[in-house]
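The structure appears below as structure tokens.
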2 protein chains.
Amino acid sequence: MNDDKNTEEKILNAARQVFIEKGFDGTRMQEIADTAGMNKALLHYYFRSKEKLFMKIFEITFKQFVPKMSGIFSSDTSFMDKIQLFISSYIDLLDKNPYIPLFIIRELSRNPNVIKELIFDKFEIIYNAIDLNVKAEIQAGRIRDIDTKHLILNTVSMCIFPFVGKPLLKHLFKTNDDEYRTILIERKNVVFEVIKKWISI
Amino acid sequence: MNDDKNTEEKILNAARQVFIEKGFDGTRMQEIADTAGMNKALLHYYFRSKEKLFMKIFEITFKQFVPKMSGIFSSDTSFMDKIQLFISSYIDLLDKNPYIPLFIIRELSRNPNVIKELIFDKFEIIYNAIDLNVKAEIQAGRIRDIDTKHLILNTVSMCIFPFVGKPLLKHLFKTNDDEYRTILIERKNVVFEVIKKWISI
DNA sequence: TAGTACATTAACTAAATGGTTAAACTCAAT
DNA sequence: ATTGAGTTTAACCATTTAGTTAATGTACTA
């Protein structure tokens, strides 16, 4: 019997919440059931096993995060604008979902095979789109001769790591949650400035 | 009965290995015992509980990583040299211990309280040392007016994240382990270049 | 050599955990 | 009302896991 949402959706929501916070190893099926407000057996009725339920969650979460960046680089604004837009919207996305990067990294590190069962063919499209842009800009003499890989590494590192490293960095800076969040939002400008200065002629 | 190392040391070595790879939740006391080549009861004989053994490991690992950076900023070379030295030696350190950042982040995220029981008073010293350097350079007009927090965030992000995000980024770049490691080593120059361009007048 | 303090082990316990089952419930179609 | 298919639950099961215990081994000393 359903309240407003159907049972499957309630399970997925609860599972996402618990898995993202505690990781696969730290998650108990009972806790998911409690969070969803139902009997533990229902989880198995709908998803057979913890592993299967987890994979569903991981897949959904992963697909939610990766492709968000792909679209930007096919629009027709200037390269610099694309970069600025990417940084700004990605930090916004992280601000709304601060625990997802660590979740993905943690679980990918626990079991690197999961990525093979996922859409990592999309990766090629994304990388090629960016690489094409970069090469064209270099050719046209609008930016310095940089390596696309390092451009990506630098940009995503500076965007993501402050979220992932928060528990440590918060202490280093002696900030509370609000102050730290302010810094994170400031980074929309800072990261773009850093990248711009680096690639500009 | 000891072979060459004493038992306590063998336990600590095995525990470090397993905890760092699998995290607290993913670690079984039996696996540590197997790795150390001894009976599981010995772990409890020497360290009482999984929690206590874990804290020992975390403390050792944490202390091994944080203070390495503090010394550099009290030497008397130029500011730019200090930054370059920091980046270079930190990436070397990460290259030798690539799993430690994720370990620290993962466990700090699982239980943020552990940091309070640790030396995070050292943090203040480190931060102040860097901040003093930065302010002096700005005052002297040798670098632009930048925020110390963002300097730290940018630098450590670009150094650490490529190690933490390896399982994902390796696929994005379609590289094998050797190729990816080459990129990581290249970053000693890249990261310095990026920071230098950013802070130079 | 007997005693003793510490080290090590095999066997065990209690609790937790993922998963199963059989019965009960709900509701729409007959 | 009855049926029947899908849903939900309480109780249960087998295994795993952190932690304990009691007995055995070891090495040093008086």
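Every chain is numbered from 1 and lettered A, B, ... according to where its sequence line falls, protein lines coming before strand lines.
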Q.
Could you tell me if B/Arg110 sits above the aromatic ring of B/Phe54, with its cationic atom closer than 6.0 Å to the ring centre and no more than 45 degrees from the axis?
A. yes
Q: Measure the shortest side-chain to side-chain distance between B/Asn13 and B/Glu9 over non-hydrogen atoms and say whether it is less than 4.5 angstrom.
A: yes
Filtered N/O pairs between nucleotides 20-23 of chain D and protein, under 3.5 Å:
none

Q) Is it true that B/Asp131 and B/Lys149 have a side-chain N and a carboxylate O under 4.0 angstrom from each other? A) no
(Q) With each end axis built from five pairs of C1' atoms, what bend angle do you get for the helix from C/dT1-D/dA30 to C/dT30-D/dA1? Round to 10°. (A) 20°
Q | A/Glu31 with A/Lys22: basic N within carboxylate O range, under 4.0 Å | A | yes
Q) Rounding to a whole Å, what distance do you find between B/Asp25:CG and D/dA18:P? A) 11 Å
Q: Take atom OH of A/Tyr45 and atom P of C/dC25, then tell me their distance rounded to the nearest Å.
A: 17 Å
Q. With nearest nucleotides of DNA chain C determined for A/Ser49 and B/Gly37 from heavy-atom distances, which residue corresponds to the more 5′ nucleotide?
A. B/Gly37
Q | Given B/Thr61, B/Leu102, B/Asn97, the one that forms side-chain contact (heavy atoms from CB on, under 4.5 Å) with B/Ile20 | A | B/Thr61
Q) Under 3.5 Å, is there a donor-acceptor pair between the A/Asn189 and A/Glu193 side chains? A) no
Q | Spacing between A/Leu42 atom CG and D/dG6 atom P, to the nearest angstrom | A | 15 Å
**Q.** Check: A/Leu172 and B/Glu124 side chains under 4.5 Å, non-hydrogen atoms
**A.** no
Q) Between B/Phe103 and B/Phe58, does a ring-ring contact (aromatic ring centres under 6.0 Å, His included) hold up when you go through it step by step? A) CA-CA 9 Å; B/Phe103 169 68; B/Phe58 188 84; 5.7 Å; yes
Q. Should A/Thr7 be listed as having a side-chain N or O under 4.0 Å from OP1 or OP2 of D/dT7?
A. no
Q: Report the distance from atom CG of A/Asp92 to atom CD1 of A/Ile87, rounding to the nearest 0.5 Å.
A: 12.0 Å
Q. Do any of residues 26-36 of chain A sit with a heavy atom less than 4.0 Å from DNA chain C, and if so which?
A. A/Thr27, A/Arg28, A/Met29
(Q) For B/Phe123 and B/Phe62, take the angle between the two ring planes, folded into 0 to 90°, and tell me which bin it lands in: parallel under 30, tilted 30 to 60, perpendicular over 60. (A) tilted
Q) Do the numbers put A/Lys50 on top of the ring of A/Phe24, so that NZ or CZ is under 6.0 Å from the six-membered ring centre and no more than 45° off the axis? A) yes
Q: Write down the distance between NZ (B/Lys50) and P (D/dT16), rounded to a whole number of angstrom.
A: 16 Å
Q) Just how far, in rounded Å, is P of C/dA7 from OH of B/Tyr46? A) 5 Å
Q.
Tell me the interatomic distance from A/Ile11, atom CD1, to D/dT8, atom P, rounded to whole angstroms.
A. 8 Å
Q) For the pair made of CZ in B/Phe24 and C1' in D/dT17, what is the distance, rounded to whole Å? A) 12 Å
Q: Rounded off to whole Å, could you give me the NZ-to-C1' distance for the B/Lys10 and C/dT8 pair?
A: 11 Å
